[in-house]
Amino acid sequence: MNMIVVRSFPPRLPGERPWAAAIGVFDGVHRGHLAILNETLRRARAIGGRAAVITFDRHPLATLAPHVAPRCLMTLDQRLARFAALGFGAAVVLPFNRLVAAMTAPAFVQRVLAGGLHATEIVVGWDFHFGRGGTGDGALMTEMGDCLGYRSTIMAPVLDHGEPVSSTRIRKLVALGRVAEAARLLGRPLALEGPVVRGRRLARRLGFPTVNVRPANELLPRFGVYAVRMSIGRGRAIPGVANIGLRPSVKPPTRSPLLEVHGLVTPPPAPPGRRCSVEFLAFLRPEQAFPDLEALAAAIRKDTAAARRYLTGRRHGR
């Protein structure tokens, strides 16, 4: 069954069966988020109903304090695709505008949860806050549920090496290029998505044809070379080696970051505009400038060999 995406405000969901709902931004949909989302799915099965995610179209700080707002790990489309893959029946995308930001915590519960969705089960994380000034928390949600007829579940943090798994922690790892550690906290590799764009065909002339992608994600990993997996459209994932950055060896360098992926097997056709997803598996080296095309070609050969060794070892469990 396809997932319903609701963008109206106040939101409305079909009322023939009860709903269990998870609430949060869920940037990254990491292991801590998965505990919340899987508990919501379990609650929905227990009440003979369906599961919904209530999320926002942007990070709240993008409206409240744009100068300190984090760059998000995932696009909204990536989050929605992940919710659907997990088995949610609906996703409610709330516009985090000034109107929503000004709502008091009790008003948010009454207008969105009780009045709009008629949810009978609500699941949130231990650090969830809502309402104007972030004054609402799990305790208030539980207290209001006693009056409004829903039950709240506050999930404990998921720990990794003694610290909570969090989007903030993962963002720091990604910015440093530590994508293997980020994958451990995410529960899967970091993935960037974007349209295929036309390149200058320089890599093809050097013997290493690439698929060029303009990432749509806000947060990019440290500029450099990575072992990756790439999928185009709905095609299967293939192994590859990628460079993300400004291509300092090419004159003139690009003005905005470009992701170039060389497939270690022949990739499917990738016409400009086609959607491409790239999973980052391991950092190989920082991006650097080379004095001439011969030095660049030699570096690409070394990078390709390093990516093959890593991916072969990963396949064999080493």
Side-chain angles (χ1 to χ4, degrees), residues 2-3 5 7 25-31 33-34 37 53 55-59 62 69-86 88 91 93 167 170-171 173-175 177-180 182-183 185-199 209-247 254-265 267-283 287 307 311:
N2 293 332
M3 184 178 73
V5 179
R7 298 177 186 269
V25 178
F26 299 118
D27 182 34
V29 193
H30 55 59
R31 285 167 44 204
H33 296 149
L34 288 173
L37 297 169
V53 179
T55 191
F56 301 97
D57 64 347
R58 72 203 78 171
H59 194 285
R71 294 182 177 181
C72 288
L73 292 159
M74 300 176 83
T75 66
L76 177 58
D77 285 344
Q78 283 180 303
R79 281 189 281 149
L80 294 176
R82 189 74 176 131
F83 300 149
L86 289 169
F88 279 82
V93 180
S167 301
I170 295 168
R171 290 185 194 110
L173 291 172
V174 170
R178 293 160 61 178
V179 294
L185 302 185
L186 285 165
R188 67 192 186 285
L190 172 78
L192 301 187
E193 288 189 356
V196 174
V197 296
R198 196 177 302 279
T210 61
V211 175
N212 302 311
V213 182
R214 190 72 67 192
N217 301 68
E218 293 178 359
L219 181 64
L220 304 180
R222 177 187 179 186
F223 289 174
V225 178
Y226 294 82
V228 301
R229 281 196 303 255
M230 170 180 65
S231 56
I232 298 170
R234 297 182 179 275
R236 66 181 180 88
I238 66 168
V241 59
N243 183 87
I244 184 167
L246 300 177
R247 304 199 299 174
T254 55
R255 294 183 178 180
S256 58
L258 186 69
L259 175 57
E260 301 172 286
V261 187
H262 171 63
L264 300 184
V265 300
R274 193 79 184 274
R275 203 74 180 169
C276 182
S277 177
V278 181
E279 294 181 329
F280 286 69
L281 305 179
F283 178 76
E287 185 177 48
L311 294 164

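Glu260 contributes atom CD, which lies 5.0 Å from atom CG of Asn212 (distance to the nearest 0.5 angstrom). Here the straight-line distance linking atom CG of Leu76 with atom CZ of Phe56 works out to 12.5 Å at 0.5 Å rounding. To the nearest 0.5 Å, atom CG of residue Leu86 and atom CG of residue Leu34 are 6.0 Å apart. Between the CG atom of Leu73 and the CG atom of Leu219 there is a distance of 5.5 Å, given to the nearest 0.5 Å. For the atom pair OH (Tyr226) and CD (Glu287), the distance works out to 10.0 Å, reported to the nearest 0.5 Å. Rounding to the nearest 0.5 Å places CG of Asp27 at 8.5 Å from CD1 of Ile170.
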Stepwise side-chain contact (heavy atoms from CB on, under 4.5 Å) test for Asn217 and Gln78: CA-CA 9 Å; Asn217 301 68; Gln78 283 180 303; 2.8 Å; yes
Pair Thr75-Asp77, side chain to side chain donor-acceptor pair (under 3.5 Å): steps then yes or no: CA-CA 5 Å; Thr75 66; Asp77 285 344; 5.3 Å; no
Verdict with supporting geometry, Leu80 and Val93, side-chain contact (heavy atoms from CB on, under 4.5 Å): CA-CA 9 Å; Leu80 294 176; Val93 180; 4.0 Å; yes
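Closest heavy-atom contact between Leu185 and Leu173: CD1-CD1, 3.8 Å. Taking both residues in full, the closest heavy atoms of Asn243 and Gly245 are given as ND2-N, 4.0 Å, listed atom of the first, atom of the second, then distance. Between Ile232 and Pro269 the shortest heavy-atom distance is CG2-O, 3.8 Å. A pairwise comparison of heavy atoms in Leu264 and Gly240 identifies CG-CA, 3.7 Å as the closest pair. Pairing each heavy atom of Ala216 with each of Arg275, the nearest pair is CB-NH2, 3.8 Å. Between Arg79 and Val25, the shortest heavy-atom distance links the atoms NH1-O, 2.9 Å.
The shortest side-chain heavy-atom distance between Ser277 and Met230 does not fall under the 4.5 Å cut-off. A heavy-atom distance below 4.5 Å is not found between the side chains of Val278 and Val211. With contacts defined as side-chain heavy-atom distances shorter than 4.5 Å, the pair Phe280/Leu259 qualifies.
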Table please: side-chain donor-acceptor pairs of residues 187-195 below 3.5 Å, with sequence neighbours left out.
from: Arg188; atom 1: NH1; to: Gly28; atom 2: O; distance (Å): 3.4
from: Arg188; atom 1: NH1; to: Val29; atom 2: O; distance (Å): 2.9
from: Arg188; atom 1: NH1; to: Leu186; atom 2: O; distance (Å): 3.3
from: Arg188; atom 1: NH2; to: Gly28; atom 2: O; distance (Å): 2.6

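Annotation: salt bridge (Lys or Arg N to Asp or Glu O under 4.0 Å) contacts involving residues 218-240, sequence neighbours excluded, comprise Arg229-Glu279.
Side-chain N or O atoms of Arg214 include one that pairs as donor or acceptor with a backbone N or O of Ser256 at under 3.5 Å.
Checking each of Val196, Thr210, Val228 against Val261 for a side-chain contact (heavy atoms from CB on, under 4.5 Å) leaves exactly one that passes, namely Val228.
Partners of His33 under the ring pair (Phe, Tyr, Trp, His ring centres under 6.0 Å) rule, at least two apart in sequence or in another chain, are Phe26, His30.
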